[in-house]
Chemist: 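Have a look at this one.
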Amino acid sequence: VQVWLRSSASGETINPFTAGQLSLVDNRPIVQIDGQPAEGVSTRSTAYYDETDRAVRWRLTLTREAGAAYDELVVAARPFRVNRTLAPFCNPIMAGEEQLWLNNAPFLATRTAPDAFASGRTWAGLTYELGEGPVILDFDLAGRAGSERPPAADFDKRLAETQEAWAERANQALIAVPDGTVQAALDSSLGYLLLASDPDGPHPGPLAHNAIWTRDAAYMGLALLMRGHDEVVRNYVTAVFDGQEADGRIPPIQGEAAPWENNEWDAQGQAIFLAMQLYKYSGDREYLEAIYPQMVLAADYTASLREQNAADAGPTRGLLPISLSAE
């Protein structure tokens, strides 16, 4: 989703956030961008994830001086994935005046109804095929001159609750370093690691990485253990070992959205490592005993892989077979 300011007189369009000043509120994953000043128009964007209804809440604050050239606000949903491939929009409709549906699912609800709605056309110098183009919500700024709508109380209330929740999570175990920049990175990274914890386990990224990577679970899990999030990591370990096969193999990537199937022989060791780190930090011997037979099975599987090269002469003797990873 992008925001554009447009001059109906000249047709000029700009995105004030392209060169805006980005920051995180309290070093948490609450993103705030102050847009680049644009001839009488100032903008601020604030967005955060609301766990109450599993949605992103976004507020755009805009102040326009009378007579400013930019007299239209355009909110454009553009059909690009993070990996730059197209994701065609199908059946874009407005449900009522304030809710946009794409691909037969709710996508964006606005607090202020747009003055115009369009899809499948050329915009900002880019031409799209019908069904692959942007969906545009157009707001007439000149027509709203002098109007001021009070901030949404629900937005502020949920934002305050979200800030409190992040503060509680960050305080479970503290890491303090003298360098303020490093400290800010530690605090914000904790937030993003927790956001990557889906109900079925850790998902290190969107799109192709919207699945459980055993390697990422090990790295992310260790970081979270250091910050006191034992319960989150216990779910990680359970998710990883739930995918174990009868012969002891642990899939390096698993889940309904796993993008491909391949062998990465470090997965067994990473799973064992994470289970032991969980025990080291939590002292939960009961859980370790419950998972121990699966850890042994994974170790035995690794040993059987090494047997494939046991008769080799030279430096490959006893090593794991070649795979697609970095053992």
Side-chain angles (χ1 to χ4, degrees), residues 1-50 55-84 87 100 107-119 121-128 133-152 155-156 158-159 162-163 180-181 184-185 187-189 191-192 195 206:
V1 178
Q2 290 187 326
V3 173
W4 296 81
L5 296 173
R6 183 175 185 272
S7 169
S8 59
S10 66
E12 180 185 4
T13 59
I14 64 166
N15 183 334
F17 297 118
T18 300
Q21 182 65 43
L22 185 146
S23 61
L24 299 178
V25 178
D26 297 332
N27 293 327
R28 312 297 180 207
I30 302 169
V31 182
Q32 184 169 283
I33 311 175
D34 288 308
Q36 186 176 26
E39 297 180 21
V41 181
S42 63
T43 50
R44 169 175 282 185
S45 170
T46 306
Y48 63 94
Y49 177 68
D50 184 352
V56 174
R57 290 183 175 266
W58 174 35
R59 176 161 65 196
L60 177 64
T61 306
L62 185 147
T63 304
R64 176 179 178 269
E65 298 175 4
Y70 297 105
D71 55 0
E72 288 183 47
L73 167 69
V74 177
V75 177
R78 302 182 65 190
F80 289 111
R81 301 184 188 275
V82 175
N83 60 2
R84 300 185 179 181
L100 170 64
F107 178 77
L108 177 70
T110 68
R111 187 163 174 256
T112 303
D115 297 296
F117 164 71
S119 64
R121 72 182 194 188
T122 299
W123 178 253
L126 300 174
T127 303
Y128 306 83
V135 175
I136 294 168
L137 307 182
D138 194 286
F139 299 84
D140 176 12
L141 299 179
R144 300 172 189 268
S147 65
E148 181 175 334
R149 193 165 188 184
F155 182 96
D156 292 324
R158 297 287 184 89
L159 176 58
T162 298
Q163 289 176 283
T181 302
D187 294 341
S188 60
S189 294
Y192 283 107
L195 279 183

Chemist: Answer whether the closest heavy-atom distance between the side chains of Leu108 and Val75 falls below 4.5 Å.
Modeler: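 Side-chain contact under 4.5 Å: yes.
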Chemist: Between the side chain of Asp138 and the main-chain N/O of Glu72, is any donor-acceptor distance below 3.5 Å?
Modeler: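 No; zero donor-acceptor contacts below 3.5 Å.
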Chemist: Sort out for me which residue in Leu5, Thr63, Ile14 forms a side-chain contact (heavy atoms from CB on, under 4.5 Å) with Val41.
Modeler: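 With Val41 as partner, side-chain contact (heavy atoms from CB on, under 4.5 Å) holds for just one option, Leu5.
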Chemist: Starting at CD1 of Ile30, measure out to OG1 of Thr46 and round the result to the nearest 0.5 Å.
Modeler: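 Answer for the CD1-OG1 pair, Ile30 versus Thr46, is 9.5 Å.
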Chemist: Please list all pairs passing the ring-ring contact (aromatic ring centres under 6.0 Å, His included) test where one or both residues lie in residues 29-50, with sequence neighbours left out.
Modeler: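 Non-adjacent pairs meeting ring-ring contact (aromatic ring centres under 6.0 Å, His included): Tyr48-Phe155.
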Chemist: What distance do Leu60 atom CG and Leu73 atom CG have between them, rounded to the nearest 0.5 Å?
Modeler: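 Leu60 CG to Leu73 CG: 6.0 Å, rounded to 0.5 Å.
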Chemist: Filter on salt bridge (Lys or Arg N to Asp or Glu O under 4.0 Å), then keep only pairs touching residues 13-30, sequence neighbours left out; what's left?
Modeler: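 Found none.
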Chemist: To check you understand the geometry: which heavy-atom pair defines the closest contact between Leu100 and Val135, and what is its length?
Modeler: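 Result for this residue pair: CD1-CG1, 3.7 Å.
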Chemist: Shortest non-hydrogen contact from Leu24 to Val31?
Modeler: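 Looks like CD2-CG2, 3.9 Å.
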Chemist: To check you understand the geometry: which heavy-atom pair defines the closest contact between Asn15 and Trp4, and what is its length?
Modeler: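 That closest heavy-atom pairing would be N-CE3, 3.8 Å.
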Chemist: Taking all non-hydrogen atoms of both residues into account, name the closest pair between Trp58 and Ser45 and its distance.
Modeler: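 That would be NE1-OG, 2.8 Å.
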Chemist: What is the distance from atom CD of Glu12 to atom OG of Ser7, rounded to the nearest 0.5 Å?
Modeler: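 Separation between the atoms: 7.0 Å.
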Chemist: Measure the shortest side-chain to side-chain distance between Leu137 and Thr110 over non-hydrogen atoms and say whether it is less than 4.5 angstrom.
Modeler: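 Touching, per the 4.5 Å side-chain cut-off.
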Chemist: Indicate yes or no for a side-chain donor-acceptor contact from Asp115 to the backbone of Asp140 under 3.5 Å, with no hydrogens or angles considered.
Modeler: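 Such a contact is found between Asp115 side chain and Asp140 backbone.
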Chemist: Quick check: closest heavy atoms across Gly11 and Arg6, and the distance to 0.1 Å?
Modeler: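 Closest pair (atom of Gly11, atom of Arg6, distance): CA-NH2, 4.0 Å.
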Chemist: What closest approach, in Å, do Asp71 and Ser8 show between heavy atoms, and which atom pair accounts for it?
Modeler: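 In this case the closest contact between Asp71 and Ser8 is OD2-OG, 2.6 Å.
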Chemist: With rounding to the nearest 0.5 angstrom, report the OG1 to CG distance, Thr43 to Leu62.
Modeler: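 That separation rounds to 6.5 Å.
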Chemist: Is a side-chain N or O of Arg64 found less than 3.5 angstrom from the main chain of Tyr70, in a donor-acceptor match?
Modeler: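 Looks like yes, one N/O pair under 3.5 Å.
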